[in-house]
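Note sheet for the following structure.
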Amino acid sequence: MTTLVTPAASDPGQNMPLGMAPSLRPGMLPGMIPPNTPVPARRKGWWRRNAVWLVLLPVAIATAAGASSFRVWAFWWPVGLHLEVDRAAAGGTAHLADEYLDMGFDVPERANTTVQREIAATVTGVEQVDQLPPPAYGDPVLIPDGSVAYEVRMHFAAELQTDVSGCQIILVAEDGTRYGESASDVLGSSNRCSAPDAEGFISEQPEWDVTSYVLADPDAEITQVRLAFGGPEYVTIGLP
Amino acid sequence: MKHARNGGPDVAFRLGRRLIAAVADDMSTVQRVVAGVVAALVGISPFGAWNEVEAKADPIVAGTPVEVGPFEVTIVKAATADELAYLVPAPGNHLLAVVADVTNTGEVPEYTNTFARAIPAPKDAGIIPEKPIEDLAADPSAAPSASAAPEEPEEPEEPKLPTATVFNVEDGTEFTFLNPDVTYRVALIWEQSGDYAEKTVPLEMVELEWVEDDPQGLDDGHWFPNEVIFQGQIPLNPPKPAADAEAAQQ
Amino acid sequence: MRHGRRRITWKGTALVVGAVAAACTLVTYVPQDTLIVETPFVVEGAVGETLDLTYAELTVTDVRIADTVTSFSEAAAAGGTFVVVDATWRATQGATAFSGAEITDAEGRRFWPTNQADCESIVNAQPGYSWRVSYCFDVPKEALAGATVRLARGDQKEEHAGQRRDAVAVIDLGISREEADTLWEATETVTTEPPGYPVATTGGSEG
C-alpha cells in the first residue's frame with residue numbers, strides 16, 4: 001500500500017518530530033541498534049472478535065422489523081378478520097368480544113367512548129333454500145343463475161343496548177371461501193343481526209333470534225359460520 | 001521531507017492547507033466567521049442565487065390556447081347565470097362561469113381538480129369565499145355564506161377563495177378525470193356577489209409544476225400549482241339565451 | 001498505531017471519485033419503476049373468455065362504442081367517444097373491491113373510466129354470485145385501434161402501484177384499424193344499467 005506510516009510498535013501514539021531519532025529506551029545509548037521487538041501475536045480471528053455482535057444481530061433485525069411494522073397494523077390488521085376470539089363446535093355457543101368507538105348516534109351517553117361489545121352467538125340452523133323471502137324494501141329478489149341461497153338462523157344473547165351494526169354472518173366453505181362477508185345481505189338489509197322487529201342497531205331484548213340469507217356457489221361445502229363486526233376479531237362456530 | 005513521494009493530490013491538499021493557515025491563523029474567531037460567510041456567498045453566486053424572482057405573466061387572450069402543466073387551455077368567455085345544474089347561489093348572488101376548452105396533452109389521465117387549481121378564482125371580483133369548516137359543521141348547507149363582502153370582518157387574513165366546480169358544458173355532468181387527448185368544453189363555476197358590475201373578469205392561470213419526489217415523501221408524482229404565468233381580463237357577457245341553454249342543459 | 005495523517009494520493013482520489021460516479025450512474029440509470037419482484041401477474045385474454053385471477057373470475061362480455069351514454073337519471077356526452085366495456089366479476093375468496101379499470105392504447109397512453117350515467121369504476125362483489133358491471137372510457141379516435149382493457153383488484157394509480165404482485169387481466173378489445181374509423185363515425189347511444197346479477201332479476205340489486 002501507499003500509505004507511509006512508520007510502524008512505531010515501541011512507541012504507540014507518540015508523534016515523532018522530523019529528523020530526530022526514536023526516543024531512547026532505558027538501557028540504550030545513542031547509536032545502538034534496538035533489539036528485535038517481538039512481533040505481537042496474531043489477533044483473534046474476525047469471527048471470534050465479533051461473536052457477541054453476531055449473536056445480537058438477529059435480535060436487532062427482529063427489533064427493526066417490528067419497529068417498522070406500523071404499516072402492517074395500519075393497513076392490514078384492522079381490515080378483515082384476523083383474530084379468532086372464540087370457537088365453538090356444532091350446537092355450541094361462541095362469545096365474541098371486541099371494542100369499537102361509539103359515536104353516540106343511538107346512545108348519546110356513549111358518544112366518543114370506546115365500548116366493549118360482548119355477544120354470545122349460537123347457530124340454530126343453516127340450510128339451503130329455493131326461494132328468498134321478500135325484502136323489507138324493494139322488489140322480490142330471485143336467486144341468480146349459478147348461485148344457491150342459504151338461510152342462516154342464529155340466536156344471540158347480549159346486554160341491553162348492545163350495538164350490533166356492521167355485523168357480518170359469514171359462511172366459510174371447506175376451501176376457505178367466505179360467503180356473506182359483506183355487512184349487507186342479499187336482500188339489501190344492512191341490519192343483519194338486529195331482531196326482526198327492532199327499529200335500529202341497538203338490542204332491546206336480552207336474547208333474540210335472527211335469520212339471514214347468503215348466496216353461495218352451488219358446489220361449496222359449508223363447514224363453519226363466522227360472526228364479526230368488521231374485525232379483526234371474530235368467532236367461529238362449526239357446522240355438523 | 002519525512003513523507004517521501006509527493007503525489008499530486010497530496011501536494012494540492014497541503015498547499016491549500018498552508019494557504020488557509022497563513023490567512024486564517026492571524027484572524028480572530030469573529031473575523032474567521034465573517035470570512036467564511038463571505039466565501040459562502042461568493043461560492044453560491046455562479047448558481048444564480050442573486051437572480052431576481054421573475055413574476056412575469058403572459059397575457060390571456062380569449063380564443064388562444066396556452067399550455068398549463070399537462071393541459072392545453074383555451075379560454076372561450078365568461079358568463080353569469082342564476083342557476084346551473086344543482087348549484088344554487090344565495091339570494092343576491094349569481095354564478096360566474098368561465099368557459100374553456102381543455103385538453104390533457106399527457107399520456108396519463110389527470111384529475112379535473114388539478115386543472116381547476118390551475119385557474120384560481122378571480123381576485124377582487126366579488127367571488128364569495130369558502131365557508132370555514134367550523135361554520136359548515138354547524139350549518140348543514142354546503143353553499144358559501146351569503147355575505148356580499150369578500151372579506152369577513154372578524155378574520156384579519158384574506159379568506160380563501162374556493163376552487164371552481166367544473167362542469168362539462170355539453171351535458172351538464174361532472175367528471176373526475178380528464179383522459180389524454182380528449183377535448184372538453186368545460187365551465188369553471190364560482191359563486192359571485194350580485195354587486196359585481198364590471199364588463200370584464202380578471203383571470204389568472206397558475207403554472208403547474210411536476211413534483212417527482214415530494215420532500216416529505218408522501219406525495220410523490222403530483223402537479224403542484226406554483227406561480228402565475230398567465231393573466232388577463234376576460235370579457236364578461238350578460239347571460240345570452242344561447243349561453244344559458246347550453247350551460248344549464250340537463 | 002498510525003503516525004501522522006493519511007496521505008492523499010492519485011490512487012485514493014481515483015477510487016473515491018470512481019465510487020461516487022458509479023453510484024450516481026447506478027441511481028440515475030437503473031430503472032426503478034418496476035422492480036422484477038413487484039411486477040403484476042398479467043393474465044391475457046379476449047372478449048368472451050373467462051379469466052382466472054385467483055381472487056376472482058372475470059369475463060368481459062361485450063364491447064360497445066358510443067357517443068352518448070345514458071342512464072335513468074343522466075345522459076353523458078363523450079369528449080372523444082365512449083368505449084363501454086361490460087364485464088362480469090365473480091369473487092372467489094371473500095368480499096372484494098375491484099378498483100382497477102383502465103384502457104391502454106397501442107401507444108401506451110392510459111384512459112380511466114368515468115362515473116357518469118351508470119358507469120362504474122370501483123366494483124364490490126362477494127363469492128357466491130356473478131356481478132355484472134359496465135365501464136365507460138372516454139377516449140380519442142387514435143386510441144381505438146388495438147386498445148386493451150386492464151381490469152384488476154388493485155388500482156392503477158401511481159404506475160399500477162396497487163397491482164404489485166397481484167393478478168391483473170388484460171383483455172384485447174379486438175378493434176382493428178378499419179373498424180376504428182367506422183366506429184368513430186357512428187353516433188350510437190348506449191344505455192347502461194346499474195351493476196347487478198347477470199340474469200336480470202326483477203329489480204332487487206345488491207345494496
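Labels below follow one simple rule: chain letters A, B, ... track the order of the sequence lines, proteins then strands, and each chain is numbered from 1. All values below come from the heavy atoms of this structure, side chains included, with hydrogens, waters and symmetry mates left out.
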_If I take atom CD from residue C/Glu74 and atom OG1 from residue B/Thr173, how far apart are they, to the nearest 0.5 angstrom?_
5.5 Å

*Is the shortest distance from a Lys or Arg side-chain nitrogen in C/Arg5 or B/Asp10 to a carboxylate oxygen in the other one below 4.0 Å?*
yes

_Counting only heavy atoms not in B/Leu41 (residues, nucleotides, ligands), do more than 12 fall under 6.0 Å from its CG?_
yes

_Which heavy atom of C/Ile8 sits nearest to which heavy atom of B/Pro9, and what is that distance?_
CG2-CB, 3.4 Å

*Go through C/Asp138, C/Thr13, C/Thr114, C/Asn115 and name the one with the most non-hydrogen pairs under 4.5 angstrom from chain B.*
C/Asp138

*For C/His160, what residues pass the side chain to side chain contact (heavy atoms under 4.5 Å, CB included) criterion, not counting sequence neighbours?*
C/Glu102, C/Arg110, C/Arg150, C/Gln156, C/Gln163

*Using the test ring pair (Phe, Tyr, Trp, His ring centres under 6.0 Å), find all partners of B/Tyr111 that sit at least two apart in sequence or belong to another chain.*
B/Phe177

*Could you give me the CA-CA distance, side-chain angles and deciding distance for C/Glu158 and B/His222, then say whether side chain to side chain contact (heavy atoms under 4.5 Å, CB included) is met?*
CA-CA 10 Å; C/Glu158 293 179 33; B/His222 69 278; over 6 Å; no

_Testing the basics here: between C/Phe111 and B/Asn179, what is the closest heavy-atom pair and its distance to 0.1 Å?_
CA-OD1, 3.4 Å

*Minimal non-hydrogen separation, B/Glu174 against C/Gln116, with atom names*: O-CG, 3.8 Å

*Give, as side chain, backbone, both or neither, the part of C/Ala77 having an atom under 4.5 angstrom from any heavy atom of chain B.*
both

*Is any side-chain heavy atom of C/Trp112 less than 4.5 Å from a side-chain heavy atom of B/Glu110?*
no

_Using every non-hydrogen atom in the two residues, find where C/Val139 and B/Val182 come nearest and quote the distance to one decimal._
C-CG2, 3.8 Å

